Amino acid sequence: MAKLTEQDIINWSGDDYMNADHLEFFKERLLNMQQELLSNASATASHLQEQEATPDPADRATLEEEYALELRTRDRERKLLQKIQSTLRLIDDGSYGYCEDTGEPIGLKRLLARPTASLSVEAQERRERMKRQYAD
């Protein structure tokens, strides 16, 4: 069988939700995301090792702020990497694409937008409402 494209996923209207082709498409997408995050982390590590010594305090402060921003970005990516790895395990055990709260299908279009989604739109909205309602 030919590999599915994003357009195939968007246009899909069959009854066989999360068939083998869908799982393969999302697995490949997640693996690509994972590889990109790992290469970003590697680039950051080498960039930080090339740290320049600048005598000017203003230049040094600017560099330190840039490094801090880069490290915050990598920390967010580290969390995303963990979520990607967790999602890949869901693909392997066959539960990918189904809401962890309701068991209903999450939907292909939502998974295209956010391949690591573990909740349907309705369940996510419900959680966010509860969070806002009980937040102090």
Side-chain angles (χ1 to χ4, degrees):
M1 289 194 168
K3 289 171 91 173
L4 293 179
T5 64
E6 270 191 44
Q7 198 59 45
D8 294 334
I9 298 290
I10 292 169
N11 295 334
W12 178 80
S13 62
D15 291 330
D16 55 344
Y17 178 75
M18 274 306 131
N19 61 38
D21 291 335
H22 293 152
L23 290 173
E24 184 60 34
F25 174 84
F26 286 109
K27 185 173 188 170
E28 184 176 318
R29 177 168 276 208
L30 288 162
L31 288 171
N32 289 340
M33 288 172 65
Q34 179 178 332
Q35 186 56 44
E36 183 179 334
L37 293 175
L38 291 172
S39 67
N40 287 349
S42 176
T44 297
S46 27
H47 178 67
L48 291 176
Q49 289 172 352
E50 299 168 356
Q51 194 167 6
E52 305 166 19
T54 55
D56 182 38
D59 288 343
R60 194 168 45 245
T62 300
L63 276 175
E64 287 174 7
E65 186 60 33
E66 288 173 3
Y67 292 150
L69 177 62
E70 196 167 345
L71 289 173
R72 281 194 303 269
T73 301
R74 294 304 157 252
D75 188 50
R76 281 194 307 274
E77 288 180 352
R78 179 187 55 80
K79 292 173 185 171
L80 178 57
L81 185 60
Q82 291 172 344
K83 186 139 177 123
I84 288 171
Q85 291 166 344
S86 168
T87 303
L88 287 168
R89 285 191 294 276
L90 292 176
I91 288 176
D92 291 339
D93 75 17
S95 59
Y96 179 71
Y98 294 91
C99 179
E100 67 182 30
D101 281 357
T102 65
E104 295 290 317
I106 291 174
L108 294 174
K109 290 180 183 173
R110 174 162 168 75
L111 291 171
L112 265 178
R114 181 178 289 280
T116 58
S118 60
L119 298 170
S120 64
V121 171
E122 296 80 14
Q124 182 68 38
E125 288 172 346
R126 193 170 38 254
R127 274 198 184 178
E128 289 172 3
R129 271 194 312 274
M130 295 296 284
K131 215 182 244 186
R132 279 194 306 268
Q133 187 175 6
Y134 293 108
D136 291 330

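Computed from a predicted model, the values in this text were never measured in an experiment.
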Reported CE-to-CG distance for the pair M33 and L81, which is rounded to 0.5 angstrom = 9.5 Å

Taking T87 for the side chain and K83 for the main chain, is one N or O donor matched with an acceptor at less than 3.5 Å?
-> yes

Residues in ring pair (Phe, Tyr, Trp, His ring centres under 6.0 Å) with Y98, at least two apart?
-> Y17

Taken to the nearest 0.5 Å, the spacing of L63 CG from D56 CG works out to 10.0 Å

Before accepting this row, confirm whether a basic side-chain N of the pair R78/D75 lies closer than 4.0 Å to the acidic partner's carboxylate O.
-> yes

List the steps, then state whether side-chain contact (heavy atoms from CB on, under 4.5 Å) holds for F25 with L111.
-> CA-CA 11 Å; F25 174 84; L111 291 171; over 6 Å; no

Mind checking whether E125 and L119 have side chains closer than 4.5 Å, heavy atoms only?
-> no

Are E128 and K131 close enough for a salt bridge, meaning some N to O gap below 4.0 Å?
-> no

Closest non-hydrogen atom pair, S120 against R110 | C-NE, 3.9 Å

Reported NE2-to-CD1 distance for the pair H22 and I91, which is rounded to 0.5 angstrom = 12.5 Å

Here the gap from K109 atom NZ to I9 atom CD1, rounded to the nearest 0.5 Å, amounts to 11.5 Å

Apply the side chain to side chain contact (heavy atoms under 4.5 Å, CB included) test between E36 and each candidate in N40, L38, N32; give the one that qualifies.
-> N40

With a 4.0 Å cut-off, would you call K27 and D92 a salt bridge?
-> yes

Could you give me the CA-CA distance, side-chain angles and deciding distance for Q85 and L30, then say whether side-chain contact (heavy atoms from CB on, under 4.5 Å) is met?
-> CA-CA 8 Å; Q85 291 166 344; L30 288 162; over 6 Å; no

Here the gap from Q124 atom CD to I106 atom CD1, rounded to the nearest 0.5 Å, amounts to 10.0 Å

Shortest non-hydrogen contact from L4 to D8?
-> CA-OD2, 3.5 Å

L90-L80 co-clustered via ILVMFWY side chain contacts under 4.5 Å | yes

If we only count heavy atoms from C-beta on, is the K3 to E24 side-chain gap below 4.5 Å?
-> no

What's the verdict on side-chain contact (heavy atoms from CB on, under 4.5 Å) for R126 and T102, showing C-alpha distance, side-chain angles and the deciding distance?
-> CA-CA 12 Å; R126 193 170 38 254; T102 65; 3.6 Å; yes

Is any NZ, NE, NH1 or NH2 atom of the basic residue among E100 and R127 found under 4.0 Å from an Asp or Glu carboxylate oxygen of the other?
-> yes

Specify the closest pair of heavy atoms between A123 and C99, including all atoms of both residues, with the distance to one decimal.
-> CB-SG, 3.6 Å

Distance (rounded to the nearest 0.5 Å) between L69 CG and E66 CD | 8.5 Å

Donor-acceptor pair, side chain of T62 and main chain of A58, under 3.5 angstrom | yes

Is the shortest heavy-atom distance from the side chain of R29 to the side chain of P115 under 4.5 Å?
-> yes

